[in-house]
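Being a predicted model, the structure only gives us computed values, none of them experimental. Just so you know, ligand 1 is whichever comes first in the structure, and atom 1 is the first atom listed for that ligand.
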Amino acid sequence: MSMYVEIPILDISQPLQPSSLSSLTKAAKEWGFFHIINHGISKDLCIQLQSLSKQFFSLPYDTKLKLGPFSSLKSYTPHFIASPFFESLRVNGPNFYLSAKTSEDLLFHKQDSKLSEMLQEYGNKMEELSKKILRAVLMSLGEGIEKKFLESEFSKCHGYLRINNYSSSQVENNNIIMEDDDDELLVEGLGMHTDMSCITILYQDEIGGLQVKSKNNNNNEGEGRGKWIDIKPSEGTLVVNIGDMLQAWSNDKLRSSEHRVVLRKPSIVKKNNSRFSLAFFWCFEDEKIILAPDEVVGDGNKRFYKPFLCLDYLKFRENNVRGKFEKVGYTVKDFAGIKAQL
Ligand SMILES: O=C(O)CCC(=O)C(=O)O
Ligand SMILES: [Fe+2]
């Protein structure tokens with residue numbers, strides 16, 4: 001069964017105090033997840049985006065399929081690709097308006113689009129927020145790291161959004177992964193994966209279901225396998241997690257954690273059969289060669305990754321079917337990790 005652990009909360013509007021820095025260091029290393037508050041994203045903006053997105057997702061399938069996955073645009077991921085319960089619309093920055101409007105124009109011709117406008121506003125805010133968060137995360141890596149590397153290594157980062165819609169209308173018995181303590185039926189809305197980004201900022205609605213896998217604790221008692229921890233929704237907070245690019249760049253000082261989304265059938269039924277989330281991925285440019293700087297690795301420490309081209313890793317992941325990560329290794333470790341010498 002799942003567990004609940006207090007994931008640290010960072011007030012992103014305040015200058016970083018030594019105490020918040022140390023809790024951030026711990027969160028980024030232990031969990032790869034933390035919450036932020038006072039981020040300047042209004043509840044109203046999120047609610048409006050949710051309701052406008054709902055209009056999109058409620059379009060007939062044939063209509064949505066004009067946007068992907070087999071059309072040239074590839075902005076739409078239908079059900080049964082990542083999971084039977086998951087569908088998603090991708091919107092690319094930095095011109096979020098243009099990206100969203102291009103998708104919409106393929107479906108119907110409207111003069112203006114409230115959804116595209118709001119996505120531009122949200123995307124701009126996410127970019128600003130990502131820079132702030134990255135600054136804090138680099139500061140947590142040690143004295144001078146942020147001054148030396150924020151500008152030189154991260155100035156060409158770019159972002160994209162994924163609007164995620166989960167529904168349990170397709171639940172069949174063979175999808176059920178477990179029964180909860182309250183005999184609720186659980187299905188996997190999005191299978192276990194790591195994000196490829198440097199950092200991801202996530203808005204989730206009040207339904208819940210996001211879970212992160214805790215670190216293997218190789219003590220004598222447990223089997224050394226991680227446990228699923230709930231990342232509960234909390235009003236006014238956004239979830240931040242470290243992605244593969246930053247895990248490799250930090251030589252494992254920052255953790256890109258495996259996470260998933262489980263759907264509890266009864267609760268989702270109450271809310272018109274759906275769960276909404278909005279994920280923003282802040283990523284290195286495709287041409288970036290990811291290599292941890294000596295200062296980050298530290299004197300006398302081993303490197304855990306060979307240098308690699310960012311695009312090559314993205315392609316590696318694209319070519320491997322999502323959702324099978326539990327059985328076969330498709331993470332950045334498998335791609336560029338240096339095996340320990342025996
Ligand atoms: O919907 C969520 O809460 C998480 C989504 C997610 O992990 C992703 O889009 O990569
Ligand atoms: Fe994710």
Side-chain angles (χ1 to χ4, degrees), residues 2 4 7 31-36 41 46 49-50 53-54 57 68-69 74-79 81-93 119 122-123 126 130 133 159-168 186-213 226 228-235 237-247 254-264 267-268 271 273-283 313-314 317-318 320-326 330-332:
S2 57
Y4 179 60
I7 301 281
W31 298 107
F33 271 75
F34 54 93
H35 281 120
I36 54 168
I41 310 291
C46 297
L49 275 169
Q50 177 162 12
S53 302
K54 205 175 201 163
F57 287 116
K74 291 196 174 79
S75 59
Y76 176 63
T77 304
H79 290 137
I81 301 258
S83 106
F85 317 106
F86 174 90
E87 61 180 331
S88 170
L89 182 69
R90 177 176 166 142
V91 180
N92 291 324
L119 286 167
Y122 189 83
M126 284 294 131
S130 297
I133 295 167
Y160 67 93
L161 284 164
R162 224 170 36 213
I163 310 172
N164 301 323
N165 184 50
Y166 299 83
S167 64
S168 62
L186 294 190
V187 296
E188 221 162 36
L190 186 58
M192 169 167 122
H193 67 282
T194 59
D195 290 351
M196 293 178 276
S197 54
C198 284
I199 56 169
T200 303
I201 307 176
L202 181 87
Y203 168 83
Q204 60 169 333
D205 71 7
E206 68 284 2
I207 299 285
L210 176 62
Q211 297 184 324
V212 58
K213 196 137 200 201
W228 287 113
I229 311 291
D230 290 325
I231 307 280
K232 294 210 168 135
S234 161
E235 200 174 321
T237 70
L238 293 170
V239 178
V240 177
N241 65 287
I242 307 290
D244 295 340
M245 293 176 187
L246 206 51
Q247 174 176 293
L254 303 166
R255 175 177 177 226
S256 173
S257 309
E258 292 129 335
H259 54 285
R260 69 176 185 182
V261 176
V262 293
L263 305 175
R264 292 175 172 81
S267 55
I268 211 164
K271 217 214 155 203
N273 240 358
S274 68
R275 173 182 184 268
F276 170 81
S277 75
L278 197 47
F280 178 81
F281 302 93
W282 189 239
C283 304
Y313 178 55
L314 300 182
R317 282 284 295 263
E318 206 172 282
N320 293 303
V321 183
R322 208 170 168 162
K324 291 191 175 166
F325 306 143
E326 184 112 49
Y330 290 134
T331 67
V332 71

**Item:** Short side-chain to backbone donor-acceptor contact, Arg275 and Gly208, under 3.5 Å
**Value:** yes

**the Fe ion (ligand 2) - name of the N/O/S atom of His259 that sits closest to it** =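 For His259, the N/O/S atom sitting closest to the Fe ion (ligand 2) is NE2.
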
**Asked** Out of the N/O/S atoms in Asp195, what is the name of the one closest to the Fe ion (ligand 2)?
**Response**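 Of all N, O or S atoms in Asp195, the Fe ion (ligand 2) lies closest to OD1.
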
May I ask you to identify, for [X], whether its side chain, its backbone, both or neither come under 4.0 Å of ligand 1 on a heavy-atom basis?
| X | answer |
| --- | --- |
| Leu202 | side chain |
| Phe280 | neither |
| Thr200 | neither |

**Request:** Please examine the side chains of Asp244 and Arg317, heavy atoms only from C-beta on, and report whether any two atoms are closer than 4.5 Å.
**Result:**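 In contact.
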
**Item:** Flag side-chain contact, heavy atom, 4.5 Å: Leu278 against Cys46
**Value:**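 When only atoms from C-beta onward are counted, Cys46 and Leu278 do not touch, as no gap falls below 4.5 Å.
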
**Close aromatic pair by centroid cut-off 6.0 Å: Tyr166 and Phe85** = no

Enumerate the atoms of ligand 1 whose separation from the nearest heavy atom of [X] is less than 4.0 angstrom.
| X | answer |
| --- | --- |
| Val261 | 1 (O), 2 (C), 3 (O), 4 (C) |
| Tyr166 | 1 (O), 2 (C), 4 (C), 5 (C) |
| Asp195 | 10 (O) |

**Request:** Could you list the residues that satisfy side chain to side chain donor-acceptor pair (under 3.5 Å) with Ser83, not counting sequence neighbours?
**Result:** none

**Request:** Only counting residues at least two apart or in another chain, list the ones meeting side chain to side chain donor-acceptor pair (under 3.5 Å) with Ser197.
**Result:** Thr200

**Message:** Heavy atoms only: which of Arg275, His259, Gln204 lies closest to atom 2 (C) of ligand 1?
**Reply:**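 Heavy atom nearest to atom 2 (C) of ligand 1 belongs to Arg275.
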
**Request:** Would you name the heavy atoms of Gly226 and Lys213 that are closest together and state the gap between them?
**Result:**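 That closest heavy-atom pairing would be O-CE, 3.5 Å.
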
